[in-house]
K.L.:
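Let me begin by handing over the structure; questions about it come next.
Just follow the structure's listing: the first ligand is 1, and inside any ligand the first atom is 1. The structure displayed is predicted, hence computed values, not measured ones.
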Amino acid sequence: MVGVPIDALLLDMDGVLYHGVTPLPGARALLERIAPMPHLFVTNNPIRTPEQVAERLARMGLPRPAPETILTSAEATAAWLAREKPGFSYFAVGAEGLHIALRAVGREDMERADFVVVGEGPGLDFESLTTGINLIVKRGARLVVTNPDTSVDDSVGGEHRILPGGGALVAPFSAASGVGPVVIGKPRPALFEMALKRLGCRAERCLMIGDRPDTDIAGAVTYGLRAALVRSGRFAPGEPWPGELPRPDWDVDDLTALTDLLDDVLPARR
Ligand SMILES: [Mg+2]
């Protein structure tokens, strides 16, 4: 690993830079260190727009990223759909971030949608499920989901709770229609592919920093990127590696340890 230069970085956010609304140790130092380099914040969470994500980081006291450095699974989904079928029509179930991303490149049509798009977050109810499955079964619409996570962690007023993820919310559409979804977020290739394209970087010269072995690390390694696991989120220090998953290039307990290691492969500090 030492001696392989890194030209660009992809950073997961939740569990890497912060927990809930609290920045994690070393987050500010890492962001300052990589500020002059090409980098993107990549998240499976499609709920917020890039502007809202930037605002949220700033409110935590972290440097405010430019919105164009934030790639959400909602934006990756919209870009994937536009590539599959330019001028596509859709019926979407999900939060504001998804609706805004889709509206920018497609046309909403509850009667003749080309795609039924399911996003993590609020929006699913009996009516929308019924509309979606009828579009799939009777009109041949394709089912697409922003991200495969079955559950996600959330905290309200410091209290931890588990929310259904995109993978759980798309399940009733699949069950009722008998059709499996196209999945966009990590560990699938679409979001990584779009991130590399936006950065103009070759996979092997790009480093993904994430906290989840099954999405951040598995996806990055499978897609040919370098990968660093930070054990500050879903995966705890000392926890044994899940045997079936590919290992990252680096495996560290926190961002401070990672920032020290990165000095060997990042362009020199100015
Ligand atoms: Mg994470």
K.L.:
Would you find more than 12 non-hydrogen atoms of other residues, nucleotides or ligands less than 6.0 Å from E159 atom CD?
P.N.:
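Open.
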K.L.:
Anything under 30° is parallel, anything over 60° is perpendicular, the rest tilted; go ahead and classify F41 against H39.
P.N.:
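Aromatic pair F41/H39 classed perpendicular.
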K.L.:
Can you list the residues that meet the side-chain contact (heavy atoms from CB on, under 4.5 Å) rule with A95, with sequence neighbours excluded?
P.N.:
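Per chain and number, A95 pairs via side-chain contact (heavy atoms from CB on, under 4.5 Å) with I47, P122.
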K.L.:
Could you list all the salt bridge (charged side-chain N to carboxylate O under 4.0 Å, His left out) pairs where at least one residue sits in residues 5-27, not counting sequence neighbours?
P.N.:
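Sorted pair list: D7-R205, D12-K186.
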K.L.:
Could you enumerate the protein N, O or S atoms under 2.8 Å from the Mg ion (ligand 1), written like residue then atom name?
P.N.:
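Sorted hits: D12 OD2, D14 O, D211 OD1.
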K.L.:
Is the number of heavy atoms from other residues, nucleotides or ligands under 6.0 Å of Q52 CD greater than 12?
P.N.:
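Check passes, neighbour count above 12.
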K.L.:
Can you list everything that forms a side-chain contact (heavy atoms from CB on, under 4.5 Å) with R161? Sequence neighbours excluded, please.
P.N.:
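Testing R161 for side-chain contact (heavy atoms from CB on, under 4.5 Å), a comparison that skips the adjacent residues, returns D154, V156, L163.
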